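See below for the structure under consideration.
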Amino acid sequence: MKKVLVLVLSLVLVLGLAANASALTVAFSQIGQESDWRTANTDNVKAAIEEAGWELVYSDGQQKQENQIAALRSFITQGVDYILFTGVVNTGWEEVLTEVNDADIPLLLLDRIPDCADVIDYKVAFGGDFVEEGYRMVKWAGEYLKSIGRDEEVNVVIMEGTTGASAQVDRTTGNLKALEEYPNMKLVGQQSGNFTRAEGQAVMESWLKSIDKIDVLFAQNDDMALGAIDAIKAAGLVPGQDIIIVGCDSVKAAFEAIVAGDMNATIECTPLYGPFVIDAINKLEAGEEFDKTVIHPEEGVYDCVGGIECGGSVAVTSVKAADVIDQRQY
Ligand code: GZL
C-alpha cells in the first residue's frame, strides 16, 4: 500500500512539473531584423519555444535601445516566467536589468553579453567567441594571399558592426590582433556599417571615392559584405578579384556570393540558439545546475578554395563553400 502511495505521489509531482513547464510564458527582447543572421536567430528561438509548447512574448527592438528597455519593463508588468535578452549595445542596461532581477524573473543573456553582466543576476549567457571570429577573418586573408603568391603591400579596410556592440568591439579586437601578423597589410579605412546591407553599401561607396586603392575588405558580418559587393560592382570593379572580400556569420547569401565568385570567405557564428534556450529553461525548471557562461563552439570557415589554415585559439582549416552549400540550414 505504501509503495503504491509513493508511486502515485511521484507521478503527481512529475506531472505537476511537466504541466508547470508546459504552461511557461517566455519573453524575448530581440535587437531587430538588421541581418540574415538575426532573422535566423529569431526564427530558430521562436520555433523551439513553440515546439516546447510554451507561450512566447516577442519584442523586435528595431535596433533601438529605448525600445528594448520599454519591452523589458513591459515583460515585468506582464509577469512573464523567463526573459531572453540580446542587447543592441553593451552599455546602458544596468538599471532595467536590475528591475528584472528585483521582479525575480530569471534572465537568460543571448548573443551579446552586456557590460553590466558582472553586477546583475542572470542564469546563463550564451554567445560566440567574437575575438576568435575577428582573428580568423584576417588570418584567412593573410594565408590566402600567401597561397596565391601575393606578398606585396595591400590596402585593407575594416567595416565594423554596430558601434558599441560586443560583436563589433570583440571582432575588431580580433581583426587588429591578426593584422599584427601581416606587416604587408596596411589598414587604410575603419568605419561602422551597423551590420546592415544598406549601410555596408553606403560605406563602401564612400570609401571607393576617398581611398585610392582597396585590396581587401573585412566586413564584420555578411550583410555588410553583400552591400559592399553591390557598391563595388556599381563602381565597375570586380568583387572577389579586384577587392578580396571576407565576411562573418556564414549565412546562405554569403555562400551563394562565394560560389558566384563575388566574395572570398565567411567565418561561421551560429545563430541557432533554440535548442540551447529550451535546454537551459528545462534545467532551471528542474533546479539543475549548469554552466553560467556558454560560448558556442566556434565552427568553420567557408571560402572559395578550401584548405586555408586560419584558426587562432582554436585551429580551423577552411572548407570550400561550393562543397557544403546544399547542407546549410540558414
Ligand atoms: C553575432 C551577432 C551579430 C551578427 C550580425 O553573434 O551579434 O549581430 O554577426 C548581427 O549579423 O547583426
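We count ligands from 1, going down the list as the structure has it; atoms in each ligand are counted the same way. Just so we're clear, the structure is a prediction, and the values are computed from it rather than from any experiment.
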Next item on the list: Provide the number and element of each atom of ligand 1 under 4.0 Å from a heavy atom of Ser35.
Entry: 5 (C), 10 (C), 11 (O), 12 (O)
Notebook entry, point to check: Regarding Arg73 and the six-membered ring of Phe75, is the cationic atom NZ or CZ under 6.0 Å from the ring centre and inside 45° of its axis?
Noted result: no
Check: Can you tell me the protein heavy atom closest to atom 3 (C) of ligand 1 and the distance?
Finding: Arg112 NH2, 3.7 Å
Check: Are the aromatic ring centres of Trp93 and Phe85 under 6.0 angstrom apart?
Finding: yes
Checklist line | Selection from Asp249, Asp222, Asn221, Thr270 by shortest heavy-atom distance to atom 9 (O) of ligand 1 | finding: Asp249
Check: Does an N or O from Trp37, backbone or side chain, lie closer than 3.5 Å to an N or O of ligand 1?
Finding: no
Check: Counting from 1, what ligand 1 atoms have a heavy atom of Arg171 closer than 4.0 Å?
Finding: 1 (C), 4 (C), 9 (O)
Item checked: NZ/NE/NH1/NH2 to OD/OE distance under 4.0 Å, Arg197 and Asp36 -> no
Note to self: Within the 4.0 Å heavy-atom shell around Asp111, which atoms of ligand 1 are there?
What the structure shows: 1 (C), 2 (C), 6 (O), 7 (O)
Check: For ligand 1, which atoms have a heavy atom of Glu34 less than 4.0 angstrom away?
Finding: 8 (O), 10 (C), 12 (O)
Notebook entry, point to check: Is the closest basic N to carboxylate O distance between Arg171 and Asp249 below 4.0 Å?
Noted result: yes
Item checked: Distance filter under 4.0 Å to Cys269 heavy atoms, resulting ligand 1 atoms -> 1 (C), 6 (O)
Notebook entry, point to check: With no hydrogens and no angle check, do the side chains of Glu160 and Asn175 hold a donor and an acceptor under 3.5 Å apart?
Noted result: no
Check: Quick one: does Gly128 get within less than 4.0 Å of ligand 1, heavy atoms only?
Finding: no
Margin query: Quick test of your reading of the model: are Lys146 and Glu143 salt-bridged, counting only N-O distances below 4.0 Å?
Written below: yes
Check: Counting N and O atoms only, with roles assigned by atom type, does the side chain of Gln62 sit under 3.5 Å from a partner on the main chain of Asn67, one being a donor and the other an acceptor?
Finding: no
